[in-house]
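The structure presented is a predicted model; accordingly, all values stated were derived computationally and were not measured. Sequence lines set the chain letters: A, B, ... in the order given, protein chains first and strands last, and positions in each chain run from 1.
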Amino acid sequence: MIVNADTLIILDFETTGLSPDMGDRAIEIGAVKIENGKITGRFQELMHPGRRVSGFIADYTGITNTMLEKAAPCEEVMHRFADFIQGYNLVAHNASFDKRFLDAELTRIGRGYDGEFSCSLLVARRIFQDAPSHKLGELINYTNIPSDGGFHRALFDSEMTTKLWLVMLEEMKSRYNLAYIPFPLILKLAKTPKKSVDTFLRRYQQG
DNA sequence: TGCCAGGCCCTCTTTAGGGCCTT
């Protein structure tokens, strides 16, 4: 049951690779809870995936095998994370990726979630159609959000995604003179053809 | 050690192919 449709969990996984179907596992989860546009909670934990991470992943994330040796196993961390997200809608940058890992890790422990997933990448492609790139880091630069550039850790990336999300909401509000943008509208926006986004939001604006 | 996937989106499209994005 959704507690509050406008309280969101914005999350980011670091993983051993790209595909849980190929045996990849989560190694870190970071998430931010936002209520009424304000951060009211955070979650970040490393987790031991039961295998070693490659040199590429250690370089990419800064998460080493030594760091993971001390971490709780995925199963234990994901129980805590399942509690954290219960009752809230979810957002991630390129959500199809994070959703695959969330679903895979929660299925392993017999847990689930009831929120709906929206994707800041799909929204950004519609709201900032002229951006040269829709990578998270590039969008942070494009929107002039201050950043020290320390990407690819789970909490940092979820904080940056949160800032981007809030900037996109403000951009929609000011561009279309809207007081409030409900989450279900964003779910529909993310599926609207790019060419039709302006028409879609103007229709909503007119009620 | 090196490799792997999948959804979205565009176009020289839909009987397909390739770039973008995520680790």
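- Spacing between B:dC8 and B:dT14 at atom C1', rounded to whole Å, works out to 16 Å.
- Pairs passing the ring pair (Phe, Tyr, Trp, His ring centres under 6.0 Å) check and including a residue from residues 111-147 of chain A, sequence neighbours excluded, read A:Phe128-A:Tyr142.
- No contact: A:Ile27 has no heavy atom under 4.0 Å from any strand.
- Using a 4.0 Å heavy-atom criterion, one finds that A:Phe13 contacts the sugar-phosphate atoms exclusively.
- Of the C1' atoms belonging to B:dG6 and B:dT1, the separation is 25 Å, rounded to the nearest Å.
- If you check every strand for non-hydrogen atoms under 4.0 Å, A:Asp59 touches nothing.
- At least one side-chain heavy atom of A:Leu68 sits under 4.5 Å from a side-chain heavy atom of A:Leu46.
- A search for ring-ring contact (aromatic ring centres under 6.0 Å, His included) contacts involving A:Tyr60 returns A:Phe56, A:His152, not counting sequence neighbours.
- Of the residues in residues 126-143 of chain A, those placing a heavy atom less than 4.0 Å from an atom of DNA chain B are A:Arg126, A:Ser133, A:His134, A:Lys135, A:Leu136, in numerical order.
- Projected onto DNA chain B by closest heavy-atom contact, A:Asp21 and A:His93 fall at different nucleotides, the more 5' of which corresponds to A:Asp21.
- Partners of A:Arg111 according to the side chain to side chain donor-acceptor pair (under 3.5 Å) rule, which considers only residues two or more places apart in sequence or in another chain, are A:His79, A:Asp83.
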Under 3.5 Å, sequence neighbours excluded: what are the donor-acceptor pairs made by side chains of residues 166-178 of chain A?
unit_1, atom_1, unit_2, atom_2, d
A:Glu170, OE2, A:Lys173, NZ, 3.4
A:Glu171, OE2, A:Arg175, NE, 3.0
A:Glu171, OE2, A:Arg175, NH2, 2.9
A:Ser174, OG, A:Glu170, O, 3.3
A:Ser174, OG, A:Glu171, O, 3.3
A:Arg175, NH1, A:Ile127, O, 3.3
A:Arg175, NH2, A:Ile127, O, 2.9
A:Tyr176, OH, A:Asp198, OD1, 2.5

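- Comparing B:dT23 with B:dG2, their C1' atoms sit 16 Å apart, to the nearest whole Å.
- Under the ring-ring contact (aromatic ring centres under 6.0 Å, His included) criterion, A:Tyr88 pairs with no residue at all, not counting sequence neighbours.
- Both A:Lys191 and A:Tyr60 lie near DNA chain B, and the one whose nearest nucleotide falls closer to the 5' end is A:Lys191.
- Nucleic acid contact for A:Thr16: none, since no nucleic acid atom lies under 4.0 Å from a heavy atom of the residue.
- Using P as the reference atom, B:dT15 and B:dC21 are 28 Å apart when rounded to the nearest Å.
- Separation of the P atoms belonging to B:dC4 and B:dA16 is 23 Å when rounded to the nearest angstrom.
- Backbone-only engagement by A:Asp12 is indicated by non-hydrogen atom pairs under 4.0 Å involving sugar-phosphate atoms exclusively.
- Reading DNA chain B from its 5' end, the first and the last nucleotide to sit under 4.0 Å from a heavy atom of chain A are B:dC4 to B:dT23.
- The side-chain heavy atoms of A:Phe101 and A:Asp24, taken from C-beta on, include a pair separated by under 4.5 Å.
- Listed by first and then second residue, the salt bridge (Lys or Arg N to Asp or Glu O under 4.0 Å) pairs involving residues 116-141 of chain A amount to none (not counting sequence neighbours).
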Quiz: residues 26-44 of chain A side-chain donor-acceptor pairs under 3.5 angstrom, not counting sequence neighbours:
unit_1, atom_1, unit_2, atom_2, d
A:Glu28, OE1, A:Arg153, NE, 3.0
A:Glu28, OE1, A:Ala154, N, 3.1
A:Glu28, OE2, A:Gln44, NE2, 2.9
A:Glu28, OE2, A:Arg153, NE, 3.3
A:Glu28, OE2, A:Arg153, NH2, 2.9
A:Glu35, OE2, A:Thr40, OG1, 2.6
A:Arg42, NE, A:Glu159, OE2, 2.6
A:Arg42, NH2, A:Glu159, OE1, 3.4

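- The same atom, C1', is picked in B:dC12 and in B:dG7; the two are 23 Å apart, to the nearest Å.
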